[in-house]
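Since we're looking at a predicted model, the values are computed, not measured.
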Amino acid sequence: MRIITTGVPVDVSAVLLTSHGKVRGDHDLVFYNHPYQDGVHSSTAAITAELPHIPADIDRVAVIASIDLEAQPTAVFDQHATWRAETTQPSGTSLSFEPPPFTSGETVSVVVEIYRHAAGWKVRAVGQGYNTGLAGMATDFGINVEG
């Protein structure tokens, strides 16, 4: 899955989640400083999920786009700064999702979720923004955020 942005640089990450919607531990956050965990890889603007390698206790993988606030400390996702997710399925079918502009000062968004369904996997568009930044998103998923 690739994240394409306009108007602002972003970091792309992923969170491996159990059926309770929480991480097993802080290692389940995949990002530039921890680029691989249990079948999920992070690179500059992309997340790759090797589905057969994801452990059975992981129910879904949330793909996250967060504004690089070091590069643009006042930026938010709005009509001037947007993102679009593009994914290619194993069949070769391409899918894309672009949410409407956010309006409440969001700097982080859950872009899509890759989730278990029956004996396989599906992808769903989410587009949930967080105006509480990475710390707010991480806390919601059970990641320990140090002060």
Side-chain angles (χ1 to χ4, degrees), residues 1-78 80-90 94-99 101-117 120-147:
M1 170 157 317
R2 277 183 347 143
I3 307 298
I4 299 162
T5 62
T6 58
V8 67
V10 299
D11 293 319
V12 178
S13 56
V15 183
L16 286 71
L17 300 166
T18 67
S19 61
H20 300 290
K22 303 290 184 188
V23 296
R24 299 168 297 179
D26 293 349
H27 61 276
D28 282 339
L29 173 60
V30 180
F31 66 113
Y32 58 88
N33 279 343
H34 179 65
Y36 178 79
Q37 181 67 35
D38 292 336
V40 178
H41 303 267
S42 171
S43 64
T44 304
I47 293 293
T48 302
E50 296 175 3
L51 302 178
H53 299 291
I54 296 175
D57 61 342
I58 295 301
D59 183 64
R60 60 190 161 117
V61 177
V63 178
I64 312 297
S66 57
I67 293 176
D68 181 348
L69 293 175
E70 288 183 11
Q72 289 190 331
T74 61
V76 295
F77 286 123
D78 59 13
H80 304 291
T82 61
W83 58 260
R84 180 177 80 245
E86 293 183 348
T87 187
T88 302
Q89 298 178 321
S94 293
L95 304 169
S96 67
F97 167 60
E98 184 172 350
F102 293 127
T103 60
S104 298
E106 292 87 347
T107 59
V108 176
S109 177
V110 177
V111 175
V112 300
E113 290 179 340
I114 304 165
Y115 66 99
R116 290 188 189 271
H117 180 75
W121 291 86
K122 288 193 172 192
V123 176
R124 90 174 118 231
V126 178
Q128 175 186 346
Y130 283 82
N131 61 5
T132 54
L134 280 172
M137 183 273 313
T139 300
D140 280 358
F141 290 139
I143 298 169
N144 183 25
V145 178
E146 295 179 13

- Item | Parallel, tilted or perpendicular, as decided by the 30° and 60° cut-offs, for the rings of Phe31 and His34 | tilted

- Message: Is the shortest side-chain heavy-atom distance between Val30 and His41 below 4.5 Å?
- Response: no

- Within a strict 4.5 Å, meaning less than it, do heavy atoms of the Ile64 and Val108 side chains meet? yes

- Message: Within the 4.5 Å heavy-atom criterion, are Ile4 and Arg2 side-chain neighbours or not?
- Response: yes

- Message: side chain to side chain contact (heavy atoms under 4.5 Å, CB included) for Met137 and Thr132? Distances and angles first, verdict last.
- Response: CA-CA 7 Å; Met137 183 273 313; Thr132 54; 5.9 Å; no

- Taking only residues two or more places apart in sequence or in another chain, which ones pass side chain to side chain contact (heavy atoms under 4.5 Å, CB included) with Val126? Val110, Glu113, Arg124, Gln128

- Message: Applying side-chain hydrogen bond (donor to acceptor under 3.5 Å, both in side chains) to Ser42 and Ser13, what does each step give before you reach the verdict?
- Response: CA-CA 6 Å; Ser42 171; Ser13 56; over 6 Å; no

- Sequence-distant partners of Asp68, side chain to side chain contact (heavy atoms under 4.5 Å, CB included), two or more places apart: Pro9, Asp11, Glu70, Ala71

- Closest non-hydrogen atoms of Ala62 and Phe141, given as atom of the first, atom of the second and distance, are CB-CZ, 4.3 Å

- Query: Using the ring of each side chain (for Trp, its six-membered ring), is Phe77 parallel, tilted or perpendicular to Trp83, with breaks at 30° and 60°?
  - Reply: perpendicular

- Query: For Ile58, does its backbone N or O pair with a side-chain atom of Arg116 as donor and acceptor, under 3.5 Å?
  - Reply: yes

- Message: I want to check something: taking the side chain as every heavy atom from C-beta on, are Val15 and Val63 in contact at a cut-off of under 4.5 Å?
- Response: no

- Message: So, applying side chain to side chain contact (heavy atoms under 4.5 Å, CB included) with Gln37, which one of Ile54, Leu16, Leu29, Val23 is it?
- Response: Leu16

- Task: Could you tell me whether Arg24 atom CZ has more than 12 heavy atoms of other residues or ligands within 6.0 Å of it?
- Result: yes

- Look only at the side chain of Tyr32 and the backbone of Pro35, and say whether a donor-acceptor pair between them is shorter than 3.5 Å. no

- Item | Pairwise side-chain contact, Val112 with Thr87, heavy-atom cut-off 4.5 Å (strictly under) | no

- Is there side-chain contact between Asp28 and Leu17, with heavy atoms separated by less than 4.5 Å? no

- Starting at OG1 of Thr107, measure out to CG of Leu69 and round the result to the nearest 0.5 Å. 5.5 Å

- Query: Side chain of Lys22, backbone of Ile143: donor and acceptor closer than 3.5 Å?
  - Reply: no

- Message: Tyr130 vs Ser109, test: side chain to side chain contact (heavy atoms under 4.5 Å, CB included). Steps then yes/no.
- Response: CA-CA 6 Å; Tyr130 283 82; Ser109 177; over 6 Å; no

- Let me see the working for Thr103 and Asp78 under side chain to side chain contact (heavy atoms under 4.5 Å, CB included), right down to the final yes or no. CA-CA 6 Å; Thr103 60; Asp78 59 13; over 6 Å; no

